[in-house]
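Naming: A, B, ... by sequence-line order, numbering from 1 per chain.
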Amino acid sequence: MSDGVKVTIDDREIEVAKGTGLVETAEAAGIEIPVFCYEPRLGPAVGACRMCLVEVEGLPKLQAGCTLTAQDGMVVRTAATSKRAAEGQHGTLEFILVNHPLDCPVCDKGGECPLQDLTFRYGPGSTRMTFAKMTFDKPIPVSPLIALDRERCILCYRCTRFSSDVAEDDQLIARNRGAYSEIATFGEDPYRAPFSGNVIELCPVGALTSTQYRFEARPWEIQDVPTVCGLCPAGCNIRATTREGAVKRVQSRNHPEIDGGWLCDKGRFTYPHLRAEDRVGEPLQRGPLGLEPVAWDAALDRAEELLRGARGTIVTALSGSETNEIAYGLGVLLRRGLGAHSAVLDESTSAALDAFRAPLSTIGDAELVVIVGDDDVVDRAPAVDLWLRKARRGGAEIVTVGARGSVPAPVGGAADALRELTDPAHDLGKRLRTSERAVLVWSGPGGGGGARLAEAAHKLGFDGKPGCAAFHLPATPNPRGVSEAWAAAADGDESDPEPIGLLVVSGDEAAGSPDVRALAEQAEAVIAITMFHSLAVGWADLVLPATASLEREGTSMNLEGRLQRLRRTVISPVPDELAWLSKLAARFDAELSPHAAVVFEELSERIYGGLRLEQLGEHAALPARAAYVAPEPSRAPGAEAAQRAEGHFVGTLRLLRYTPLFSGHQVERVAELQFQRPEEEIALSSGDAGRRGISTGDVVTVRSNGTSVELRARVDRKLVEGVARVADEHAADLHAEVEVVKA
Amino acid sequence: MSQTFYDEVQEMRARYPDPLSAVLPALQLAQDRHDGWLPEAALREVAEALDLTPAYCLSIASFYDMFHTEPVGRHSVEVCTNVSCAVSGAQQVLEALERELGIGVGETTEDGNVTLRAVECLGGCGWATVVAVDNRHHLHVAARDVPRIVKELGE
Amino acid sequence: MSSAPEVVFAGTDGGAITDLAAYEAVGGLTALRRAREMTPEQIIAELDASSLRGRGGAFFPTGRKWSFVPKPDQNPRPHYLVVNADESEPGTFKDREIMLRVPFRFLEGCLIAARGIESQHVFVYIRGEYEHEWEILVSALEQLREAKLLGGVTIVLHRGAGAYICGEETALLESLEGRRGQPRTKPPFPAIAGLYASPTAVNNVESITTVTPIIEMGGAEYAKLGVEDSTGTRVFSLSGNVVRPGNYELPHGYPLRDLIHEVGGGIADGRTLKAVIPGGSSTPILTASEAEKVTLDFDSLSKAGSAIGSAAVIVLDDRCCMVQLGVRVSQFYEHESCGKCTPCRVGTRWLTHILQKIESGRGTHADLDLLLDVGDRINGTCLCPLGDSDAIAVASYVAKFREEFLQHIEEASCPFHGASSLDGIVAPTDVHEAHVGPHEIHRPLEVVA
């Protein structure tokens, strides 16, 4: 290794790559340098806690090992072979324990606590401190999700560094100075930000703990199951902590290429929805008295009846949140078993971006990122937001082109923006062409599932440049996996039956879609596979209970195009979809295994090149790029423009709906997450608000074609003129053009 | 008033290559405009003017001795009690002020006029005892000077 | 007074020069004009020849510090000169007087230094408590601006807000950048990545002010003053139990006893000299007999086990209880600790508590051993010298006045019985502690490992 450096640690020689930190160098030699504040993902080492003190030959004072990089010929002694280092580390622990309360018996961190472990290995067994320890009111709520115990806090500043330097929300801060420093938020404000929960994992003691997990379990009575989050298309790797068959918490499992060890609050705290009160626990059949519970066999009989009865006129509404195996299973039943090839999925999908496939971490290393689309990245795929921030901190330029962009664009103008970028004379486009580390992101509806983005990336010459990538952010977690698995189940063309004899609605993404609801109203009968009562009531004839992604074995494909394995973390209270799909399929002479692994094998033969489940492993790899294949051209370009042009009345604003991160049927059912739900407000540009005499906080009436809604106004300096932006759940039935007046 | 504060802070920002540097002068200005301390509303104003969070402004303000996040009297009287002033009679000055004002050190008079504090070295060691009245330094202060100092505070 | 040559205060005749014309009349701006004919390398060479060493406390050779700043072709980022006017070391008040009396000489030095490191941007970080001095500088700067003398250099006068730690150079940079004033680890050093991650030289007020006469008279000429390892004059801050406390500009190498007894007029009220802190509270204390022997320069004070530090001489007479001194000094460091590193944040407060226990007569011999051991755990393990200073100062009081500590322990009370000059002194942390946990544990907890 010509650019390796040789270091001697505790008389052990080790060679590591140039630039390796000393802590990692020691680790490579099998030696521990204990740390608290050191966490490379938070930025450069700060050397604050002084836990890592080591002796370095040639330097008179003990050094903070975490701040050092391996140098050729360096000779280091840790506590193992240096009395001075051992005393230094012992001293640090003694100081930390001076004010630390003996809370272990009642502290959630006990048993998985670095302070306990390091004190045992390097610290004092008794105390010399006879003065009053500093006491605080405890625990205090940092937010409904996080409890803070200031007595336990060792002021390692990992949490405040995360808040300011990673999530960049600057809400969790250090207050005061010296021995009187405290971790705090502003006044009574809760820590309200999409990534707040990460501080719980970062905290090396029981100072920041999860309120959901409080007193729920001890580390020796739990089982951690590795799986992948199924709530957004990023597919962050997670670990579900279970106890006695129930999920007690969700933590990050750190896939360095996808999530970098971080998890958003939706992925982390939503699991209680598995135990929601209105969860459908058994099949429901519509009878003269409404929906009534019915035994499984009877339910499957009824399903068979409905399916046979509607043969030839069946449409399936798929959810982009199903696993590949469930989508394939539905395909086997409906397409192979019944020849019902028609399906609707709320989004298009495309394989064209496989030519520009790259890990999400590529964003973090980019020098230029251009994002087109009207939706904030954090609402679609929060992990991507963190990579963008990392890129910006590394000096990257981030350009957003959209209704709230640094380059303002009209609503729905993403495709036009891409066209402009690919114009040879366009300045930004030229920079994208010449850069070796440029990334394009589509964050919004449309785009042909990435097809438009792929075309643009190809025109800009991203082919063959590993540092250049393109990412399309879909609205659901696994749309491509679902649509490809459905397609792979059989051969046959869609028929678009009219009228629809039977609508099969699979999953709550579809059950909650107004378009699917409109189809349901036309259909003669509806079978709904859903988790919650409130979503299916009113329009389903047969309700079959669905499982949650934490309860599923299977695979899904994230927005990178990476296939990942889901593991069942707990047994669901209702049968797995594959269990009854296989039984139902058998009634129509279609063979389907009830076991996800077997289904995957069959599916893999057809579309994944025979890839085996074990090959996916715990941290799935991203396959190499495919050659570029030009996608189907987009529909008549006038389509979107036409939408815009219709009914534009003077004085009206274009309504831009968006789906905030903390919305959806899972989030709605978690008490601790309610404070993160979107405000009931409508955002206006400064110009539009000014002209209407509206200021932030004013109550306004939003009117369109017969419907009206009252909301609070907020002036959004970033919003382009002519647009009013509302969270989808607050926009009710408002149309595309609205009038906004002060109430 | 808020509008001019915002504009003044923009001018401060322009003086620095990185606008974050303006947080200290902005907090100083906000404190001057809020009766000598920084209530939550003042911190929010600073945050607004600098595109920061109020929490960040709090973390800065609370770090420094000259920023106060609790109400203070109209006047501040600060006695240096570090070594040089201490050996020159600072405690006697402090106690005389306590008696004259009728409050203990760290407290504010009931009429809200004066807050009395003990502070660390004010950088006037050879002119001990140094007493800062509204940040103007009185030098060579002895206990006998206290009645006059208090009288000048008025009210 | 002494008849030593004045360099920093030359031409002031004991007063202040706050008018530009008056400054020019005594030869002001000569150095600037000369410097503008010199290359940056020549300026640095002159500083090297002078052997000027930093006047803030670190005593690092100024010319060498400037030479660490990369040339613009090596590092294209803007270069910054940051002047540390955060003078807060107990006993030190010389920079204040310099800014008060020779503001133009100081600003002239800023402009020359900026040229030396090829900087167009100077920041003067002045402690917030120096409001009057800031006003003087504002006026002087305005006069220079109106007279179009700045030569394209921007000088920003930035006020601090009360934090001793901001006198540490990297903490100062953090504070100047708009963050909490917590020191950084080095490397990287400010010369390479200082203010806004750019090449920066951080210098003390007195150092910068001295640059002006050095360019005027030439470095070699300046080096003739003082002694070999401590050239030139120094503005000594004299305070405490002397008849004539004040700032005195004297050549390095001046005998400490002469500063105290001649210049300072000796001990007042017929008291006797007991101890001297020679370079600000962070320097080890000297007994009276040690003080009689040393000269005020780097070498002599180092050999005596202390340091020249910030050249702040605090004189203590026989009324001063050394244990109470320990308490008060430790309280200072406890109050000023930034809280970033564990040993300082926790250790300074622990030291204070142990000292208070001993001072109140409740201490044991074990407590004295504990005091020194805790100090040993702090010294050398902290991120910056603040924590170290508490430990060093306290250790020196115990070392030099051990009998007094033992008396407190063995007699279970302060031998001064209320008559010490520091008796009952209230510190800011005393007021703060009133809000913190009330109950003392009378028996230490044994945790079986």
Select one option (side chain, backbone, both, neither) describing which atoms of [X] are under 4.5 Å from chain B's heavy atoms.
X: C/Glu174; result: neither
X: C/Asp423; result: backbone
X: C/Val242; result: neither
X: C/Cys338; result: both
X: C/Tyr196; result: side chain
X: C/Leu238; result: backbone
X: C/Arg180; result: both
X: C/Ile165; result: side chain

Using a cut-off of under 4.5 Å on heavy-atom pairs, state which of [options] scores highest against chain B.
options: C/Ala163, C/Ser281, C/Gly91; value: C/Gly91
options: C/Gly246, C/Pro78, C/Gly128; value: C/Gly128
options: C/Ala161, C/Gly178, C/Ser239; value: C/Ala161
options: C/Ser88, C/Ser175, C/Ser237; value: C/Ser175
options: C/Arg159, C/Glu87, C/Lys94, C/Arg319; value: C/Arg159
options: C/Glu89, C/Gln324, C/His158; value: C/His158

### Message
Could you check whether any side-chain heavy atom of C/Val426 comes within less than 4.5 Å of a side-chain heavy atom of B/Val79, counting everything from C-beta outward?
### Response
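When only atoms from C-beta onward are counted, B/Val79 and C/Val426 do not touch, as no gap falls below 4.5 Å.
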
### Geometric class of the B/His137/C/Tyr130 ring pair [parallel <30°, tilted 30-60°, perpendicular >60°]
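It falls in the perpendicular class, over 60°.
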
Given that the side chain runs from C-beta out, which part of [X] has a heavy atom under 4.5 Å from chain C: side chain, backbone, both or neither?
X: B/Ala86; result: both
X: B/Val119; result: backbone
X: B/Gln28; result: side chain
X: B/Leu24; result: side chain

With chain C as the partner, which of [options] has the greatest number of non-hydrogen pairs under 4.5 Å?
options: B/Leu122, B/Leu94, B/Val23; answer: B/Leu122
options: B/Ser59, B/Ala128, B/Ser88, B/Cys80; answer: B/Ser59
options: B/Val83, B/Leu20, B/Leu50, B/Asp18; answer: B/Leu20
options: B/Ala90, B/Ser21, B/Ala132, B/Ala22; answer: B/Ser21

Smallest separation among heavy atoms of [X] and [Y], with atom names:
X: C/Cys320; Y: B/Val87; value: SG-CG1, 4.3 Å
X: B/Pro17; Y: C/His121; value: CG-CE1, 3.8 Å
X: C/Phe93; Y: B/Gly123; value: CB-O, 3.1 Å

### Query
Stepwise, does the side chain to side chain contact (heavy atoms under 4.5 Å, CB included) test hold for C/Tyr164 with B/Cys121?
CA-CA 9 Å; C/Tyr164 164 75; B/Cys121 183; over 6 Å; no

### Message
Can you see whether C/Thr154 engages B/Arg15 through a side-chain donor-acceptor pair at a distance of less than 3.5 angstrom?
### Response
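No pair is found: no donor N or O on one side chain lies under 3.5 Å from an acceptor on the other.
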
When rounded to the nearest 0.5 angstrom, what is the spacing between [atom1] in [X] and [atom2] in [Y]?
X: B/Tyr64; Y: C/Arg127; atom1: OH; atom2: CZ; value: 13.5 Å
X: C/Arg328; Y: B/Cys85; atom1: CZ; atom2: SG; value: 10.0 Å
X: C/Asn241; Y: B/Ser84; atom1: CG; atom2: OG; value: 9.0 Å
X: C/His335; Y: B/Asn82; atom1: NE2; atom2: CG; value: 10.5 Å
X: B/Ile60; Y: C/Arg179; atom1: CD1; atom2: CZ; value: 8.5 Å
X: B/Arg136; Y: C/Glu131; atom1: CZ; atom2: CD; value: 5.0 Å

### B/Glu152 atom CD, neighbour heavy-atom count above 12 within 6.0 Å
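Count over threshold, so yes.
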
### Message
So does C/Leu422 get a backbone contact from the side chain of B/Gln91, meaning a donor-acceptor N/O pair under 3.5 Å?
### Response
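Such a contact is absent between B/Gln91 side chain and C/Leu422 backbone.
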
